[in-house]
Student: 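Would you mind keeping the following structure in view while I ask a few things?
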Amino acid sequence: MKMEPIIPFEPIRTDLIPSGPDWVAQIKWDGVRMLTYYDGNEVRLLNRKMNDRSSQYPEFLKISRYCSASSVILDGEIIAFDSSKPSFHEIMKRDSLRKKQSIAPAVKQTPVHYMIFDVLYLNGAWVTDKTLHERQEILEQMITPHPDVQVVQNFSDSQGLYEVMKQHQMEGIVCKDLRSPYLIKGKDKRWQKKKIFRDLFAVAGGVTLRDGIVNAVLLGLYDDSGKLIYIGHAGTGKLTNQDWLALTERIKSLATARKPFHNQPERMRDAIWIKPALVMKVQFMEWTPGFTMRHPSIQAIVDGSLSECAFTQI
């Protein structure tokens, strides 16, 4: 039986950390959401947008190495580390690969880890109606931990975990109600995320140059009426010198005389407008009163859809 992919349960954003005997907290990993589908014959890895990433992560295709189920759907996150912590920029080195010949060397150059936090389907039956507590017990019984495969740990002291994440400049925490079933294609307060740094997917609508090389990107989000609204510019982050050079080449075919933003960007004078096509994951501290990002930094240029670059993600 070929398993049809599903859209996974998503947490909502919160400023108040929920507490109580039925709440646990987990580390929010700065990686890519990944579901493993095993029908008894074939293993497939699909991200939250239901795009197949099986070839990008061949180390997880032999499922008997870490899971005893005869058929299963697992939910988790694949992460890669920089020198000290999970890095979205690092995982993009693997997730963005498309050429088969590039994958084998990348497995050695950018090792990854699968952090499993849920199970939806087991041995021919859905388990989404079971409580999170019950599903976690199932995971503990059938997952064999390895250095690159782990079951995500629960913490009862949510505030304490959040403070530790702040100290280590991690992304944040996810708080979950142990009584909750798994809601496919759902998003509600039974799962809540509190981020230390905010992040979003934004589209590039312009750039500025220094010595002929892109040194900053003007970013925007689409509102409900489809207008592109400028939300700030970023010239720092995880992009390497080579990335900036490659971006400089990419924008040549996107240049346009027409400003794509509905409002007036603060950096107008030296801007080169480009057609909205490049999606970037951006991290920032908070919104200013004028609704631009404070201290934004580019984490990665991603293979994303413009439909993601909307205010609805805030």
Side-chain angles (χ1 to χ4, degrees), residues 30-33 47-51 53 56 80 87-99 102 106 110 197-223 225-284 287 291-314:
D30 198 6
V32 291
R33 186 81 173 267
N47 63 19
R48 66 181 179 86
K49 294 183 289 184
M50 300 187 290
N51 294 324
R53 291 292 185 267
Q56 282 84 348
S87 166
F88 190 78
H89 180 72
E90 289 298 310
I91 194 63
M92 281 296 104
K93 291 180 180 179
R94 289 286 296 275
D95 203 76
S96 61
L97 293 176
R98 298 294 180 267
K99 296 180 180 178
S102 302
T110 309
F197 296 99
R198 297 172 183 259
D199 59 32
L200 48 74
F201 292 101
V203 62
V207 298
T208 58
L209 305 180
R210 178 184 296 147
D211 299 327
I213 306 297
V214 173
N215 72 328
V217 182
L218 283 69
L219 298 159
L221 294 178
Y222 289 100
D223 65 13
S225 63
K227 297 185 180 72
L228 185 61
I229 307 301
Y230 172 78
I231 58 167
H233 65 273
T236 61
K238 299 289 183 68
L239 300 190
T240 64
N241 288 336
Q242 191 60 42
D243 292 331
W244 287 109
L245 288 171
L247 179 59
T248 303
E249 286 300 311
R250 289 182 71 178
I251 62 106
K252 289 179 180 178
S253 63
L254 297 174
T256 178
R258 182 179 178 183
K259 174 173 66 74
F261 298 108
H262 177 70
N263 55 342
Q264 294 292 334
E266 56 192 352
R267 257 193 196 198
M268 283 276 295
R269 199 176 108 198
D270 302 318
I272 296 173
W273 306 124
I274 61 175
K275 299 172 186 175
L278 301 177
V279 177
M280 301 187 176
K281 186 180 183 185
V282 185
Q283 189 178 84
F284 62 106
W287 293 106
F291 216 71
T292 57
M293 299 176 291
R294 196 184 303 278
H295 304 305
S297 64
I298 299 170
Q299 301 302 294
I301 301 172
V302 301
D303 180 20
S305 167
L306 292 183
S307 62
E308 289 186 284
C309 303
F311 281 102
T312 52
Q313 68 185 294
I314 297 175

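Computed from a prediction, not measured in an experiment: that's the story for all the values here.
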Student: Go through the structure and list residues passing salt bridge (charged side-chain N to carboxylate O under 4.0 Å, His left out) with K227, not counting sequence neighbours.
Tutor: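 Here no residue qualifies.
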Student: Kindly give the heavy-atom pair with the smallest separation between M92 and A300, and that separation in Å.
Tutor: CG-CB, 3.6 Å
Student: Could you check whether any side-chain N or O of R294 sits under 3.5 Å from a backbone N or O of F284, counting only pairs where one atom can act as donor and the other as acceptor?
Tutor: no
Student: Using the rule given for side chain to side chain contact (heavy atoms under 4.5 Å, CB included), can you reason through E308 versus K49, listing the C-alpha separation, both sets of side-chain angles and the distance that settles it, and then say yes or no?
Tutor: CA-CA 10 Å; E308 289 186 284; K49 294 183 289 184; 3.2 Å; yes
Student: Any non-hydrogen side-chain atom of F201 less than 4.5 Å from a side-chain atom of M280?
Tutor: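 No, their side chains stay 4.5 Å or more apart.
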Student: Keeping to residues at least two apart or across chains, list the ring pair (Phe, Tyr, Trp, His ring centres under 6.0 Å) pairs with something in residues 292-314.
Tutor: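 Qualifying pairs, neighbours excluded: F291-F311.
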Student: Using a 6.0 Å cut-off, check whether atom CZ of R250 has over 12 heavy atoms from anything other than its own residue.
Tutor: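 Not more than 12 within 6.0 Å, no.
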Student: State, yes or no, whether a side-chain contact exists between L247 and I301 at a heavy-atom distance under 4.5 Å.
Tutor: yes
Student: Looking at every non-hydrogen atom in both residues, tell me the closest pair between G212 and T248 and how far apart they are.
Tutor: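 Closest approach of G212 to T248: O-CG2, 3.5 Å.
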Student: Show the nearest heavy-atom pair for residues V279 and C309, with the distance to one decimal.
Tutor: CG1-SG, 3.7 Å
Student: Nearest 0.5 Å, what's the CD1-CD distance between I91 and Q56?
Tutor: 10.5 Å
Student: How long is the straight-line distance from CD of Q283 back to OG1 of T236, given to the nearest 0.5 Å?
Tutor: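 That separation rounds to 10.0 Å.
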Student: Ignoring hydrogens and geometry, is there a side-chain-to-backbone donor-acceptor pair from Q299 to H89 under 3.5 Å?
Tutor: no
Student: I298 versus L239: any side-chain heavy-atom pair under 4.5 Å?
Tutor: yes
Student: Locate the shortest heavy-atom distance separating F261 from L218; write the atom from each residue and the value.
Tutor: CZ-O, 3.7 Å
Student: With heavy-atom distances below 4.5 Å as the criterion, would you say the side chains of I231 and W287 are in contact?
Tutor: yes
Student: Looking at D243 and T240, would you say the former's side chain and the latter's main chain have a donor-acceptor pair under 3.5 Å?
Tutor: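 Side chain of D243 to backbone of T240, a donor-acceptor pair under 3.5 Å: yes, one is there.
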Student: Any side-chain heavy atom of N215 within less than 4.5 Å of one from T208?
Tutor: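 When only atoms from C-beta onward are counted, T208 and N215 do touch, with a gap below 4.5 Å.
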Student: Quick one: CD1 on I229 to CG on N263, what's the gap to the nearest 0.5 Å?
Tutor: 5.0 Å
Student: For F88 and V32, which heavy atoms make the closest approach, and how far apart are they?
Tutor: CE1-CG1, 4.1 Å
Student: Counting C-beta onward and ignoring hydrogens, is there a side-chain heavy-atom pair between Y222 and P276 closer than 4.5 Å?
Tutor: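 Answer yes - side chains close enough.
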Student: Is atom NZ of K259 surrounded by more than 12 heavy atoms (other residues, nucleotides or ligands) closer than 6.0 Å?
Tutor: yes
Student: Return the CG to NE2 distance between L228 and H262, rounded to the nearest 0.5 Å.
Tutor: 10.5 Å
Student: Kindly give the heavy-atom pair with the smallest separation between L221 and A310, and that separation in Å.
Tutor: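 Heavy atoms only, the tightest pair is CD2-N, 4.0 Å.
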Student: Below 4.5 Å, heavy atoms only, C-beta onward: do T110 and K93 meet side chain to side chain?
Tutor: yes
Student: Are H233 and P296 packed together at the side-chain level, in the sense that at least one heavy-atom pair is separated by less than 4.5 angstrom?
Tutor: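 Side chain of H233 against side chain of P296, heavy atoms only: no contact under 4.5 Å found.
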Student: Is K281 salt-bridged to D30, cutoff N-O under 4.0 Å?
Tutor: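 Here K281 pairs with D30 in a salt bridge, since their nearest N and O are under 4.0 Å apart.
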Student: Below 4.0 angstrom, N of the basic side chain to O of the carboxylate: do R98 and D303 qualify?
Tutor: yes
Student: Would you find a donor on one side and an acceptor on the other, under 3.5 Å apart, between the side chain of E90 and the backbone of S87?
Tutor: no
Student: Could I get the full list of salt bridge (charged side-chain N to carboxylate O under 4.0 Å, His left out) partners for R258, not counting sequence neighbours?
Tutor: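 R258: no salt bridge (charged side-chain N to carboxylate O under 4.0 Å, His left out) contacts found.
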Student: Going from CG on D223 to OG1 on T312, what distance comes out if it is rounded to the nearest 0.5 angstrom?
Tutor: 10.5 Å
Student: So which of T292, V282, L278 actually passes side chain to side chain contact (heavy atoms under 4.5 Å, CB included) with L219?
Tutor: V282
Student: Output the distance between atom CD1 (I213) and atom CG (N241), rounded to the nearest 0.5 Å.
Tutor: 9.5 Å
